[in-house]
Amino acid sequence: MKTTPFTKYHIKNGARMAEFAGFNMPIEFSGINDEHHTVREKAGVFDVSHMGEIWVKGPRAIDFLQHVTSNNVATLYDGKIQYSCLPNGQGGIVDDILVYRIDTETFLLVVNASNTEKDWKHLCKEGEAFGLTPGKELYNASDEIAQLAVQGPLAMQIVQRLCPNADVEHLEYYTFIKTEVAGIQDAIVSATGYTGSGGCEIYVANEDADRLWTALWKAGAELGLKNIGLGARDTLRLEMGFCLYGNDIDDTTSPIEAGLGWITKFVDGKDFIDREANAKIKAEGPKRRLVGFELTERGIPRHGYKLADNGGGIIGEVTSGTMSPCLKKGIGMGYVAASHAAPGSEINVIIREKPIKAVVVKLPFIKK
């Protein structure tokens, strides 16, 4: 298994470790519920160094990204971030990604850890038509970059203490800056987040990871900063209705049926992969839709459980599910036939061969 520059700290701090996307990652420290509430109420730090980072550079970078991503890269400006996806040419999704615009000829793509190699091969193949050379205009920096996500209502207050030359506390959502962090020059601080509780991500070179870690804990100790594992990361993102690649979206799901029409832009001049196929689904309406649902009876929905109508007919299946630490009820997401996708629709989750009542709700589950 691969390790991150912070793995030694996780083990030292008693984390329950397990393999994730080929990495030895912390699943939990003090317990998922405790970690979950820490992020909702104070601040927590996530090691997300397993995520992939791919640079796209050169005068044709924008043209290339307009082709391989679903969102409209032309609306980005320096310091702006965009959520997008990579259509796979067969109506599905290679990955959902973040696009950072450094300048007109320099972009950073942040991709899912489990898809880094797949994304890299896809981008290299598509880049040939645009004259982009792997190792030159396309560069996979995933093994060179350490990343921490500091999340929660007190997160930016903590990170501000490490940034003497910039006002990061008021960083706008989906923007980033390059600045000094804990004495580390040209670190990237961005405000995207996967928890819905505010905060930022900090990117540094691997060799600066120890310095960042030490300074962050010194700055956050009095404000109750805690280590957070992947277990709570999943419950936090699910309460916000954020998709997880491999569960809620994959190579067989279109962005339209996954509720990602808002990042699928059919603007003039943007001839992106699968544009025609997605335009057809949008025009005709998808046959199935990804929805959120809450159980109205006791139970916990799990990935792969069948979803049924009140007559027992199977209408879909659960893609993500958990017991919500904040709502104290079972919540989940899943694909259902379009006829059952409207908020308020009554459905059933089949748990141990028994139908448990649920209702389709509008996402996110947690309203801020």
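Values below: all heavy atoms of this structure, side chains included; hydrogens, waters and symmetry mates excluded.
- For residues 13-22, the set of pairs meeting the side-chain hydrogen bond (donor to acceptor under 3.5 Å, both in side chains) definition, not counting sequence neighbours, comprises R16-E28.
- Among residues two or more places apart in sequence or in another chain, the side-chain hydrogen bond (donor to acceptor under 3.5 Å, both in side chains) test is passed with Y305 by none.
- Sequence neighbours left out, the pairs with a member in residues 123-169 that pass ring pair (Phe, Tyr, Trp, His ring centres under 6.0 Å) are F64-F130, H67-F130.
- Legend: salt bridge (charged side-chain N to carboxylate O under 4.0 Å, His left out) pairs involving residues 270-281, not counting sequence neighbours, sorted by first then second residue: K280-E284.
- For E222, the salt bridge (Lys or Arg N to Asp or Glu O under 4.0 Å) partners two or more places apart in sequence, or in a different chain, are R161.
- For residues 316-335, the side-chain hydrogen bond (donor to acceptor under 3.5 Å, both in side chains) pairs, not counting sequence neighbours, are R237-S320, E239-S324, D248-T319, D248-S320, E294-K329, K306-E317.
- Residues that satisfy the side-chain hydrogen bond (donor to acceptor under 3.5 Å, both in side chains) test with H50, not counting sequence neighbours, are absent from this structure.
- The hydrophobic cluster containing M323 also includes I300, under a criterion of side-chain heavy atoms closer than 4.5 Å among ILVMFWY residues, counted directly or through chains of members.
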Can you list, pair by pair, the side-chain donor-acceptor contacts under 3.5 Å of residues 101-110, counting residues two or more places apart and other chains?
from, atom 1, to, atom 2, distance (Å)
R101, NE, D78, OD1, 2.8
R101, NH1, L76, O, 3.3
R101, NH2, D78, OD1, 3.2
D103, OD1, E105, N, 2.8
D103, OD1, T106, N, 2.9
D103, OD1, T106, OG1, 2.9
D103, OD2, T106, OG1, 3.4

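- Applying the salt bridge (charged side-chain N to carboxylate O under 4.0 Å, His left out) test to every pair with at least one member in residues 178-205, sequence neighbours left out, gives no pairs at all.
- Scanning for ring pair (Phe, Tyr, Trp, His ring centres under 6.0 Å) contacts around F293 gives an empty result, with sequence neighbours left out.
- In this view, K118 and D251 satisfy the salt bridge (Lys or Arg N to Asp or Glu O under 4.0 Å) rule, not counting sequence neighbours.
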